[in-house]
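Below is one structure; the comments refer to it alone.
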Amino acid sequence: MRGSFIYAGNLNFDKRNNTYEYSCNFNSKYFDIGLYDKFNIKCPIEIQRSSLLRQAEYLAGRYSAKQVLTALHQNNQDVGRNSNRSPIWPGSITGSISHTSKIALSCAADISLVKKIGVDIEPWFSETVSEEIKHEILSAREIDVASKIEMPFTKILTLCFSAKESIYKALGRLNEHVSNFKQLELKSISLNNKTIEFKLIDDIANNSEEYFLCDFVLEGEYTITRYYLK
């Protein structure tokens with residue numbers, strides 16, 4: 001219900017990727033710190049000291065994570081938080097969490113089926129923001145590739161940022177070569193297949209043949225990207 005903090009929850013199983021995904025809307029207007037106890041979710045000290053909006057976003061993200069854990073028969077499990085702010089999933093599970101100021105999303109799977117997951121949800125960048133940050137996300141060569149896609153540049157930039165974020169979430173703490181966005185070079189975007197592909201740029205020799213493929217969906221107000229390492 002829209003009068004509730006959490007509403008419009010939806011759980012899906014992706015048979016192709018063996019993943020559960022849960023999304024929900026949340027309204028920070030109805031947030032109360034007591035909801036952490038109600039949902040049996042721990043609130044870290046640093047989150048308690050943050051703004052009410054940050055507390056609400058964190059709770060919504062962990063609530064969505066709890067739903068996919070339950071679907072994976074990990075009842076009453078909580079997703080903790082590392083010192084680098086990355087989520088701590090139960091040992092047999094791999095997963096990822098993302099949120100906007102209104103939507104929370106989690107995806108998880110048994111680690112025997114999927115090694116790592118990265119998901120990201122991003123509201124579309126405005127023209128002003130796109131102009132300010134485009135060179136932080138894309139190189140001149142990538143911008144040239146993006147210019148050939150029949151899609152507004154603001155949406156392409158948002159999509160690239162989100163996809164690079166998904167890859168980094170999955171691999172950035174495991175693969176020393178994926179330490180920043182500049183090491184992932186845009187190669188192609190397929191609007192028909194809803195996929196976006198990047199090549200790993202080797203800082204030393206630039207001879208890497210490692211590629212990363214993300215799925216994406218385009219919604220009215222945002223994009224969602226997903227990367228799976230199997």
Side-chain angles (χ1 to χ4, degrees), residues 21 23 50-51 53-54 57-58 60-61 84-87 96-107 116-229:
E21 186 170 287
S23 63
S50 63
S51 67
L53 177 58
R54 179 70 187 109
E57 291 172 345
Y58 186 88
N84 62 5
R85 302 191 300 175
S86 63
S96 185
I97 304 171
S98 187
H99 63 76
T100 67
S101 61
K102 299 178 181 178
I103 302 170
L105 173 72
S106 288
C107 184
K116 284 292 177 181
I117 297 172
V119 297
D120 188 69
I121 179 170
E122 291 291 336
W124 299 117
F125 295 155
S126 66
E127 290 187 7
T128 300
V129 169
S130 295
E131 190 62 30
E132 289 176 351
I133 68 173
K134 64 182 181 182
H135 294 297
E136 298 176 24
I137 300 170
L138 300 178
S139 66
R141 188 158 54 182
E142 289 177 291
I143 290 175
D144 182 60
V145 173
S147 68
K148 297 177 173 62
I149 307 299
E150 294 185 4
M151 184 178 176
F153 180 74
T154 54
K155 291 194 173 184
I156 295 175
L157 188 66
T158 309
L159 177 59
C160 289
F161 174 85
S162 181
K164 289 187 178 189
E165 182 74 6
S166 288
I167 295 169
Y168 178 76
K169 282 182 177 182
L171 302 180
R173 299 172 185 91
L174 296 177
N175 187 332
E176 62 182 9
H177 298 297
V178 189
S179 60
N180 63 69
F181 282 5
K182 295 295 185 180
Q183 291 170 304
L184 295 169
E185 182 176 82
L186 174 66
K187 301 309 294 182
S188 66
I189 298 175
S190 173
L191 298 179
N192 289 330
N193 297 328
K194 297 293 189 296
T195 57
I196 178 169
E197 186 177 39
F198 299 90
K199 180 181 179 180
L200 176 65
I201 300 300
D202 189 322
D203 286 340
I204 299 175
N206 194 21
N207 60 357
S208 171
E209 291 300 324
E210 191 169 359
Y211 290 83
F212 305 94
L213 190 68
C214 285
D215 298 334
F216 67 83
V217 294
L218 307 175
E219 299 291 349
E221 298 182 0
Y222 56 86
T223 184
I224 297 173
T225 58
R226 306 175 179 92
Y227 174 75
Y228 307 106
L229 175 64

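Please read these numbers as outputs of a predicted model, since none were measured by experiment. These numbers come from the heavy atoms of this one structure, side chains and all, not from hydrogens, waters or symmetry mates.
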Next item on the list: Report the distance from atom CD1 of I121 to atom OG1 of T100, rounding to the nearest 0.5 Å.
Entry: 5.0 Å

Next item on the list: Any chance you could measure L200, atom CG, to Q183, atom CD, to the nearest 0.5 Å?
Entry: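 The CD atom of Q183 is 6.5 Å from CG of L200, to the nearest 0.5 Å.
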
Residue pair [X] / [Y]: nearest heavy atoms and the distance that separates them:
X    : Y    : result
I149 : I189 : CD1-O, 3.9 Å
S166 : V119 : OG-C, 3.4 Å
G220 : W124 : O-NE1, 3.4 Å
C160 : F198 : O-CZ, 4.1 Å
A60  : A104 : O-CB, 3.5 Å
A170 : G118 : CB-N, 3.7 Å

Contact between [X] and [Y] at the side-chain level, heavy atoms closer than 4.5 Å - yes or no?
X    : Y    : result
L218 : M151 : yes
Y228 : C107 : yes
E165 : S98  : no
E197 : L213 : yes
F161 : I133 : no
L184 : Y168 : no

Check: Is R226 salt-bridged to E21, going by a charged N under 4.0 Å from an acidic O?
Finding: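 Yes, this pair counts.
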
Checklist line | Step-by-step side-chain contact (heavy atoms from CB on, under 4.5 Å) determination, L138 to K164 | finding: CA-CA 10 Å; L138 300 178; K164 289 187 178 189; 4.1 Å; yes

Notebook entry, point to check: So does E131 have more than 12 non-hydrogen atoms from other groups sitting under 6.0 Å from CD?
Noted result: no

Next item on the list: Before giving the answer on side-chain contact (heavy atoms from CB on, under 4.5 Å), spell out for F216 and L191 the whole-Å C-alpha distance, their side-chain angles and the decisive distance to 0.1 Å.
Entry: CA-CA 9 Å; F216 67 83; L191 298 179; 4.2 Å; yes

Notebook entry, point to check: Mind checking what makes side chain to side chain contact (heavy atoms under 4.5 Å, CB included) contact with L53, not counting sequence neighbours?
Noted result: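 For L53, the residues satisfying side chain to side chain contact (heavy atoms under 4.5 Å, CB included) (neighbours in sequence not counted) are S28, S51, E57.
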
Check: Run the side-chain contact (heavy atoms from CB on, under 4.5 Å) check on Y222 and L105 step by step: do they pass?
Finding: CA-CA 13 Å; Y222 56 86; L105 173 72; over 6 Å; no

Checklist line | Residue that, paired with E142, satisfies side chain to side chain contact (heavy atoms under 4.5 Å, CB included) out of K134, H135, E185 | finding: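 With E142 as partner, K134, H135, E185 yield a single side chain to side chain contact (heavy atoms under 4.5 Å, CB included), made by E185.
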
Check: For residues 152-162, which residue pairs qualify under side-chain hydrogen bond (donor to acceptor under 3.5 Å, both in side chains), counting only residues two or more places apart or in two chains?
Finding: D120-S162, S162-T225

